[in-house]
Amino acid sequence: MTNCPTLIVTVGLPARGKTYISKKLTRYLNWIDVPTKEFNVGQYRRECVKIYKSFEFFRPDNEEGLKIRKQCALAALNDVRQFLTDEGGQVAVFDATNTTRERRETILRFAEQNGFKVFFVESVCEDPDVIAENIVQVKLGCPDYTHCNTEDAVADFMKRIKCYENSYQPLDEELDRDLSFIKIIDVGRRYLVNRVQDHIQSRIVYYLMNIHITPRSIYLCRHGESDLNIKGRIGGDSGLSARGKEFAKALGQFIQSQNIRDLKVWTSQMKRTIQTAEALGVPYEQWKALNEIDAGVCEELMYEEIQQKYPLEFALRDQDKYRYRYPKGESYEDLVQRLEPVIMELERQENVLVICHQAVMRCLLAYFLDKTAEELPYLKCALHTVLKLTPMAYGCKVESVCLNVDAVNTHRDRPSVRFTNTHPLSMSFLTVLLHRRHPLNSSVNM
Amino acid sequence: MIIYKIPLSSHKFQYISGKFQIWNISKIPQTKFPENFRKSSRPQFTNCPTMIVMVGLPARGKTYISKKLTRYLNWIGVPTQVFNLGQYRREVLQTYKNYEFFRPDNEEAMKIRRAYASNALKDIASYFTKEQGQVAVLDATNTTRERRGVIINFAKEKGYKVFFIESVCDDPEIIEANTMQVKLSSPDYENYDKEEALVDFLKRIDCYKMSYVPLDEEKDRHLSFIKIFNVGSRYLVNRVQDHIQSRIVYYLMNIHVTPRSIYLSRHGESELNLLGRIGGDTGLSSQGQKYAKALAEFIRGQSIKDLKVWTSHMKRTIQTAEALGVPYEQWKALNEIDAGVCEEMTYEEIQATHPEEFALRDQDKYRYRYPKGESYEDLVHRLEPVIMELERQENVLVICHQAVMRCLLAYFLDKSEDDLPYLKCPLHTVLKLTPLAYGCKVESFYLNIQAVNTHRDRPTVNRSQATLLLTIHYLLICSRAPVQKPSPA
């Protein structure tokens with residue numbers, strides 16, 4: 001996607017959402033397969049100065065403090081260089097205030113020396129409510145203030161912000177017109193975008209312009225149990241079983257009880273999700289992108305049949321389940337690419353219920369919970385269970401609600417033992433055995 | 001002879017704006033058809049119509065942006081139309097005398113201008129209500145706050161959203177280039193010579209300059225807009241309201257005006273092409289390999305600066321690119337349309353084994369989805385990131401497939417959904433597209449290597465609703481004709 005590594009540099013006073021943006025952006029880029037890492041200078045400072053005393057450390061006339069802070073920044077830049085040059089990283093997010101032109105010059109020189117592109121992300125906000133909310137959500141719980149009570153912590157933090165205010169030189173349309181940057185004003189009300197250089201910067205700008213911080217929840221669930229599920233067959237486009245229909249009704253009741261404001265409902269274009277949504281009695285939108293992973297030649301087969309007909313393929317899949325592509329079908333990697341517009345729209349929306357499929361739900365979950373490509377294909381997404389995701393602080397709160405309607409278990413664990421000399425075929429045989437032996441699968445016919 | 005009887009009252013028909021459409025029957029779920037079931041592969045972008053209002057002095061690229069944006073929105077399935085006030089003026093005035101018409105103290109002209117501006121707004125309302133339009137682009141200078149106020153009030157009354165696009169440019173070179181490219185050849189200056197036209201046009205710009213009030217960060221902070229500075233080196237984006245506005249902003253931030261060319265070609269003739277079979281993933285035939293070499297020679301002969309080469313993930317495009325001896329990028333999104341259950345069949349076999357499907361496809365080739373496969377509509381959706389990246393890039397050679405190439409071509413040449421599936425994209429031919437003025441210049445290069453013809457023309461049968469059944473009947477009779485030697489037709 002990009003030939004030389006990119007250094008994203010945040011700019012802004014404390015409590016302007018720089019770390020929130022850094023973490024979210026890093027999560028998104030990693031999900032779309034761009035190796036990204038964030039480097040938070042505050043962390044480096046905490047490692048250097050073990051105990052935080054007070055805002056005095058940040059006073060502009062505190063010589064000692066300034067020296068330590070500069071050292072920390074340089075240490076972070078050093079790690080950035082290592083990540084981008086030696087560890088195959090493509091994007092590094094340098095998360096610090098970087099409020100002076102002088103500091104930004106240092107970074108630009110560093111980047112030039114190492115052949116990195118630089119893109120600044122500045123967050124400007126003067127709304128006292130937003131700042132206060134930030135402080136309450138993430139600052140009070142941070143290691144700096146564990147020994148403080150709330151009032152003292154807030155007072156100290158406000159004084160900390162003051163230390164930066166006097167020397168703050170925001171990015172300027174004129175003076176910085178040769179730099180590449182986006183200025184985010186008032187949490188996304190307004191953006192100033194200057195000199196986007198390449199594809200990845202364009203994607204980053206698009207992403208930043210679509211995220212928001214309005215409180216909301218995303219509900220993820222699979223369709224109700226389907227006829228093919230009962231037969232232990234994968235893929236296909238069958239309708240709901242009797243238990244699946246029960247689940248759809250239970251889902252309708254659950255959603256009503258949650259009293260969700262302006263809920264949007266999305267399904268795929270396959271019968272089983274549509275039938276599940278029908279029972280809710282509310283309008284819903286169909287996305288082809290939410291269709292289940294295409295198992296190609298293995299569609300509608302049972303795992304045992306796949307093993308018999310395509311033993312090598314079956315074993316290869318267990319070797320690298322994320323990248324393995326079914327012959328004439330798709331891989332999880334392909335799924336992620338196909339789901340990117342869904343994620344982008346989920347970011348734009350507020351309360352949404354997504355009724356989808358096992359592999360699709362794993363991909364979406366991996367995005368929200370920051371799971372790696374290795375973990376993604378083994379995330380547990382059981383039938384008849386709703387996951388409620390609520391963004392909180394820097395991450396996502398997950399509540400799992402099982403709607404108490406029985407269903408088969410369609411989960412296959414990662415092969416737990418790695419015998420390097422053993423033929424992969426025997427490993428996959430074992431996992432199939434375990435899948436068959438699961439109590440809920442007793443109705444599966446061989 | 002098999003006759004399919006499909007009662008018109010069946011839920012398999014849906015009445016959409018005056019036309020009957022048969023749904024892809026095998027895709028109908030077993031439960032009752034929900035009222036809001038839509039076959040399209042894309043969700044709603046916006047719930048109420050949107051007016052895009054251009055703002056800017058003459059020669060700032062407003063019409064260029066209007067036309068390009070409209071082309072893009074129509075391609076991704078959002079019915080959009082441009083309403084260019086210059087056109088309205090020319091219809092009212094018939095002949096253009098000189099810049100004096102635009103003088104701010106010309107009362108009579110002002111009256112005329114307000115009148116046709118108001119007509120344009122009426123036409124926009126009619127486009128939204130009677131023609132199911134979703135986006136209307138009002139292409140005019142709209143340089144005063146007063147005029148923008150009129151538009152905003154109109155939109156508020158009718159319940160339309162408004163999004164402003166302002167183009168600000170003070171680089172005299174760019175303005176002169178614009179003027180030379182599109183203004184001097186406009187109908188207004190038919191009877192002028194070049195020098196006089198330029199002088200008059202500059203005086204015209206001056207008429208607007210005095211009263212020009214650009215969109216302001218502070219005063220207009222409640223409006224939704226994007227300000228584009230100096231052809232994209234900087235953007236100011238304010239209050240994006242919804243999905244479609246977000247997509248518009250993303251698109252505008254990715255287009256550029258640097259001169260470049262896009263080369264589109266299919267893979268060389270493949271083994272399955274020779275057998276008259278569709279889809280699959282075979283390698284090149286010997287003719288196909290000859291083409292790959294010829295393509296390499298052709299590309300070298302063109303001496304293209306920094307050419308990027310893109311292929312799909314399928315063998316036949318990769319093998320074609322290999323012969324070029326330059327680095328190339330593989331895009332899964334460029335893979336050929338998935339023919340589902342019909343993969344690797346000949347058209348005759350499809351007719352024999354899936355006669356109903358075959359007929360349905362000819363009814364609406366754009367929206368028809370192969371069972372377990374894709375439609376052209378799905379293809380367009382899948383190709384959108386490719387188009388976005390093509391807009392960002394400069395010189396690119398895309399080696400792809402018939403259906404894919406039709407979709408890309410339709411985007412560049414502004415072809416409708418009806419025309420798209422029948423565009424001619426023969427094997428062994430390179431199309432060179434060069435953006436020019438408001439459109440695209442196309443040069444076709446047939447590299448003189450023989451290949452089979454894989455094109456199927458649009459069926460010439462009348463498809464009115466009364467003859468629906470007869471049409472299928474007719475096609476079935478045709479399919480019973482003796483099978484010719486394997487050459488897809």
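For B/Arg369 and A/Gln269, the side-chain atoms include at least one donor-acceptor pair closer than 3.5 Å.
Residue A/Lys183: no heavy atom, backbone or side chain, is found under 4.5 Å from chain B. Only the side chain of A/Asp334 comes within contact range of chain B, with heavy atoms under 4.5 Å apart. If you measure heavy-atom distances from B/His256 to chain A, you find no contacts under 4.5 Å at all. Contact of A/Glu173 with chain B is made through backbone and side chain together, with heavy-atom distances under 4.5 Å. Within the 4.5 angstrom heavy-atom criterion, only backbone atoms of A/Gln197 (N, CA, C, O) approach chain B. B/Arg239 touches chain A through backbone and side chain together, each having a heavy atom under 4.5 Å away.
When A/Val193, A/Asn194, A/Val196 are each tested for a side-chain contact (heavy atoms from CB on, under 4.5 Å) with B/Arg234, only one passes: A/Asn194. Between A/Tyr206 and the choices B/Tyr251, B/Tyr250, B/Tyr235, the ring-ring contact (aromatic ring centres under 6.0 Å, His included) rule is met once, by B/Tyr250.
The OG atom of B/Ser246 sits 7.5 Å away from atom CE of A/Met344, with the distance rounded to the nearest 0.5 Å. For the atom pair CZ (A/Arg348) and CG (B/Asp242), the distance works out to 6.5 Å, reported to the nearest 0.5 Å.
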Atom pairs and distances, donor-acceptor, side-chain atoms in residues 185-192 of chain A, under 3.5 Å, two or more places apart:
unit_1, atom_1, unit_2, atom_2, d
A/Arg190, NE, B/Glu217, OE1, 3.3
A/Arg190, NH2, B/Glu217, OE1, 2.7
A/Tyr191, OH, A/Gly188, O, 3.4

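Scanning for ring pair (Phe, Tyr, Trp, His ring centres under 6.0 Å) contacts around B/Tyr411 gives B/Trp75, with sequence neighbours left out.
Salt bridge B/Glu344/A/Lys328: present, at least one basic N to carboxylate O contact under 4.0 Å. The pair A/Glu333-B/Lys332 does not count as a salt bridge, with every side-chain nitrogen at least 4.0 angstrom from each carboxylate oxygen.
Using a 4.5 Å cut-off on side-chain heavy atoms (C-beta onward), B/Phe229 and A/Arg177 make no contact.
Atom CD of B/Glu417 is surrounded by more than 12 heavy atoms from other residues, nucleotides or ligands within 6.0 Å.
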